[in-house]
Amino acid sequence: MATKASKRLIVFDTTLRDGEQSPGASMNLTEKLEVARALELLGVDVLEAGFPITSQDDFEAVRAISREVARPTVCGLARCVAKDIDRAAEAVAAAKRPRIHVFLATSKIHREYKLHKARGEILRLAVEGVRHAKAAVDDVQFSPEDAARTEPEFLAQVVEAVIDAGATTVNIPDTVGWATPEGFRALIEHLFENVPNIDKAVIAVHCHNDLGMAVANTLAAVQAGARQVEVTVNGLGERAGNAALEEVVMALGTRSDVFGGLATGIRTELLYPTSRLVSRVTGLVVARNKAIVGENAFAHESGIHADGVLKKRSTYEIMDPRSIGLAKSRLVLGKHSGRHQFRQRLKEMGFRLPGKEIDALFFGPFKELADRKKEVFDEDIAALVESEVAHAPETWRLLRLTVATATGGMATATVELENLLTKDRKRDAATGDGPVDAIFHALSRLTGVKLKLDDYQIRSVTSGAEAQGEARLEARHGDKSVSGRGVSTDILEASAKAYLGAINRIVSSRLATKKRKRH
Ligand SMILES: [Zn+2]
């Protein structure tokens, strides 16, 4: 067991639960399975797959992931009530290593205003919940919600009681992102000093980033003896997010002088590809200056820095970009590159695709791009894979797009689509205030899906006049929020693909709901 003396940290990933809860990050079942497989490959120890009681979708996702992954423990979240715990138990039943994670708020403000319960009642419920879960699985985790704002002496009582009741991991969450590194470290130390049976469980931490201190708080707790860190890829999560997996892992490795050689089982060379995957699947863009996996994290613009790095890397670079899987060769495929070269490049970039998909990419979009663009860079290939490998099942495909603009800003777009389910082709034209507006109108009319745009952005994937443009958008359809992404050397085509991608997500979730209702 990873108790205080252990040098091995347990990485508990909650990208699919806390991360998926963040606005605009919802994933369908196919996407969740893809992320789960990537997390297994990355080497996470525990995979929190969802909160089964909250919806049929969540339940099914946790069940499917339990069947799918072999190595990590699969965990389902439950409030501290019997029906939640039973539902979580059912969802993780098929896992090789199932875990149930029960939570109950313990802070004064939550006790008084949310739960209307006194301390004694909270203690009794926590113990009952852990016992109930323990009847279904051996591996039970308990979280006193809002622990960071709970009175330390009461928190110690709760931790002792749930360990006695059979909890094998006790997680100390900073649910609202209120803690500071010094205070949080002191809280964990307080528990190690005042909970007599603490060596019978792993102490975990779960930190939120509301004040930008999630990673710092997590690392401070580790120094105090916590041996499980709860993290998400790209720091996804409620509000400002959770502690970022890649930041915690790279800080431990890069500053092992400070962290006493504590290690995780993460294969760091998969951090970058996994970050890209999660960004693509959720549609949430990683900030350029984000630590470790941001586009600029290893870019040296200033002349003095670039010169230093050329002479000796470590003058300005504290990590080797290859250690996170960032391919450094600026290399360059083109029209004459063969299939083998293309396959090799994909492998080096961390994409694991079936041969059939690689061939489809090579003979289709790659050839097409190489015709339009002399040099094909890594970024182009990544954009290609990310936009072409279909993840939300594709219903509508863009066949043709013609746009005419006139003075005064009016524009007309003529669009031809194919419905891949019925094989029908449809064509229509629409006008708009500008070309993009006209395209969106035409697509909505053809598919019958109206979207309300929240955000729409264009950027170039690489530099130069023939660079590919990437369009991303966030939109709403009723109460559902969706994202879409499209890449092309033509920004209008990229925009059309992004809008159609969002429409395909809406259509595929409607189809899934219909299918379920029939059962
Ligand atoms: Zn959380």
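First listed ligand is number 1; within each ligand, the first listed atom is number 1. Owing to the predicted nature of the structure, the values given are computational and were not obtained by experimental measurement.
Protein N/O/S atoms nearer than 2.8 Å to the Zn ion (ligand 1) total 3.
Each of Arg63, Lys32, Arg87 was scored for a salt bridge (charged side-chain N to carboxylate O under 4.0 Å, His left out) with Asp58, with one residue passing: Lys32.
In summary, the side chains of Ser275 and Asn234 do present a donor paired with an acceptor at a separation below 3.5 Å, with no hydrogens or angles considered.
Between the side chain of Thr168 and the backbone N or O of Val140 there is at least one donor-acceptor pair closer than 3.5 Å.
Annotation: side chain of Arg505 is in contact with side chain of Glu31 (closest heavy-atom distance under 4.5 Å). Using a 4.5 Å cut-off on side-chain heavy atoms (C-beta onward), Pro181 and Met213 make contact.
To the nearest 0.5 Å, atoms OG1 (Thr54) and CG (Leu77) are separated by 8.5 Å.
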